[in-house]
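Contents: one structure, followed by commentary.
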Amino acid sequence: MACVNDTFYVIGTAAGPKPYPEMVRDFQSVIGEESKQQMQELIGRQPDVAVACVGGGSNAIGLFAPYIEEQQTRLIGVEAGGEGIHQPLRHAARIASGAPIGVLHGFKSYFLQDENGQIASTHSVSAGLDYPGIGPEHAYLHSIGRVEYTAVNDEQALNAFHLLCRFEGIIPALESSHAVAWAVENAPQMKPDEVILVNLSGRGDKDINTVAKLAGISLE
């Protein structure tokens, strides 16, 4: 690192030193602003629940930021549970697994760490969610209880991927499939007139080969 005085590491998520998390949040907040407008047009009010997948947390903070003051809307962040949050090095669920606080890439937050405090390896069927930490604003929102963070494992995410493809004709990104999986699991426990807003953070075209391989489907 011979150029630390004039070189900046700009990571593509809501993380890093100030002001990068705030910049990403503000740019991405168009997601939440458009969601609020569309919800008002579609159902005449805001949703009971807004859910998004969380890796570093850019799409989620973009959805959540405009909803922070909408106290009637529960906010759910879904981390990558991988092969299970109790399997060391086989998930990327920082908050859901109770990971300790650490410092990496110029910011303080929850990070997956080994017994020596070194950053641990991660696993997720979705490459976009396997970052070992979570953005600092998400850590804060967790600490004040405004956002609920949970985890969905690989199998649940893949099932949700196939479900949305089959019934809606939408190919979700594997990242987004984690949020869909939460909705699929929790919707049956909600009242018929309650509404869940699921943020589809991307299309799954890039994930087709991964899904096909896991399903034993040949694309040749």
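The model shown is predicted, which means the values in this text are computed figures rather than measured ones. Heavy atoms only: backbone and side chains are in, while hydrogens, waters and symmetry mates are out.
If you take CE on M23 and CG on D26, they are separated by 9.0 Å, rounding to the nearest 0.5 Å. With rounding to the nearest 0.5 angstrom, the OH atom of Y67 is 11.0 Å from the CZ atom of R146. In this structure, CD1 on I134 lies 9.0 Å from CZ on F107, to the nearest 0.5 angstrom. Atom-to-atom distance recorded for I31:CD1 and K36:NZ is 14.5 Å, nearest 0.5 angstrom. Of the inter-residue distances, the one linking L214 atom CG with L158 atom CG reads 5.5 Å to the nearest 0.5 angstrom. Rounding to the nearest 0.5 Å places CZ of R90 at 12.5 Å from CG of N153.
At a threshold of 4.5 Å between non-hydrogen side-chain atoms, the residues C165 and P172 count as touching. Taking 4.5 Å as the limit, every side-chain heavy atom of S177 sits out of range of all side-chain heavy atoms of H162. Using a 4.5 Å heavy-atom threshold, the side chains of S201 and C53 count as touching. Contact check for L163 versus E168: no side-chain heavy atoms found under the 4.5 Å cut-off. Side-chain atoms of V180 and L200, non-hydrogen and from C-beta on, do get closer than 4.5 Å to each other.
In this structure, the side chain of R94 engages the main chain of A92 through a donor-acceptor pair within 3.5 Å. Q87 places no side-chain N or O within 3.5 Å of a backbone atom of G84 that could act as its donor or acceptor partner. Judged purely by atom type and a 3.5 angstrom limit, D114 uses its side chain to pair as donor or acceptor with the backbone of G117. A donor-acceptor contact shorter than 3.5 Å links the side chain of S176 to the backbone of G202. A donor-acceptor contact shorter than 3.5 Å links the side chain of E79 to the backbone of I95. In terms of modelled atom types and a separation under 3.5 Å, the side chain of R25 and the main chain of I61 share no donor-acceptor contact. With hydrogens and angles disregarded, no donor-acceptor distance shorter than 3.5 Å links the side chain of E70 to the backbone of Q46. With hydrogens and angles disregarded, a donor-acceptor distance shorter than 3.5 Å links the side chain of Q71 to the backbone of I68.
Closest approach of N59 and A52 over heavy atoms only: OD1-CB, 3.6 Å. The two residues V152 and A157 come nearest to each other via the heavy atoms CG1-N, 3.8 Å. Nearest approach of P21 to P136, heavy atoms of both residues: CG-CG, 3.8 Å. The two residues A151 and I85 make their nearest non-hydrogen contact at CB-CG2, 3.8 Å. What you find for S58 and T13 is that their closest heavy atoms are N-OG1, 3.4 Å. Among all heavy-atom pairs drawn from A120 and P132, the shortest one is O-CB, 4.0 Å.
For the side chain to side chain donor-acceptor pair (under 3.5 Å) test, no residue two or more places apart in sequence or in another chain qualifies with Q28. Taking F161 as the reference, nothing meets the ring-ring contact (aromatic ring centres under 6.0 Å, His included) condition, with sequence neighbours excluded.
A salt bridge links K206 and E175; the closest N-O separation between the charged side-chain nitrogens and carboxylate oxygens is under 4.0 Å. Salt-bridge formation is not detected for the pair D193/K191: no Lys NZ or Arg NE/NH1/NH2 atom is positioned less than 4.0 Å from an Asp or Glu carboxylate oxygen.
Taking hydrophobic clusters as Ile, Leu, Val, Met, Phe, Trp and Tyr residues chained together by side-chain heavy-atom distances below 4.5 Å, V78 shares a cluster with I196. Transitive grouping of hydrophobic side chains (ILVMFWY, heavy atoms separated by less than 4.5 Å) keeps F111 and L129 in distinct clusters. Linking ILVMFWY side-chain heavy atoms closer than 4.5 Å, directly or via other members, places I119 and L112 in two distinct hydrophobic clusters. The cluster map of Ile, Leu, Val, Met, Phe, Trp and Tyr, joined by side-chain heavy atoms under 4.5 Å apart, puts Y110 and V103 in different clusters. Linking ILVMFWY residues whenever their side-chain heavy atoms come closer than 4.5 Å, directly or via other members, places I101 and L141 in the same cluster.
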Could you walk me through whether S97 and H91 satisfy the side-chain contact (heavy atoms from CB on, under 4.5 Å) test, starting with their C-alpha distance in whole Å, then the side-chain angles of each, then the deciding distance to 0.1 Å, before giving a yes or no? CA-CA 9 Å; S97 69; H91 65 84; 3.5 Å; yes
Please step through side-chain contact (heavy atoms from CB on, under 4.5 Å) for the pair E185 and Q156, ending with a clear verdict. CA-CA 9 Å; E185 180 179 355; Q156 292 170 300; 3.4 Å; yes
With side-chain contact (heavy atoms from CB on, under 4.5 Å) as the test, would you mind laying out the steps for T210 and L174 before giving the verdict? CA-CA 9 Å; T210 298; L174 282 174; 4.1 Å; yes
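Surrounding CD of Q72 are more than 12 heavy atoms belonging to other residues, nucleotides or ligands, all under 6.0 Å away. Residue Q40 qualifies as enclosed at atom CD: its count of foreign heavy atoms under 6.0 Å is above 12.
Just one residue in the list L63, D48, V49, L75 forms a side-chain contact (heavy atoms from CB on, under 4.5 Å) with L197, and that residue is L63.
Within the structure, every pair that satisfies the ring-ring contact (aromatic ring centres under 6.0 Å, His included) test and touches residues 117-140, not counting sequence neighbours, is listed here: H105-Y131, H138-Y149.
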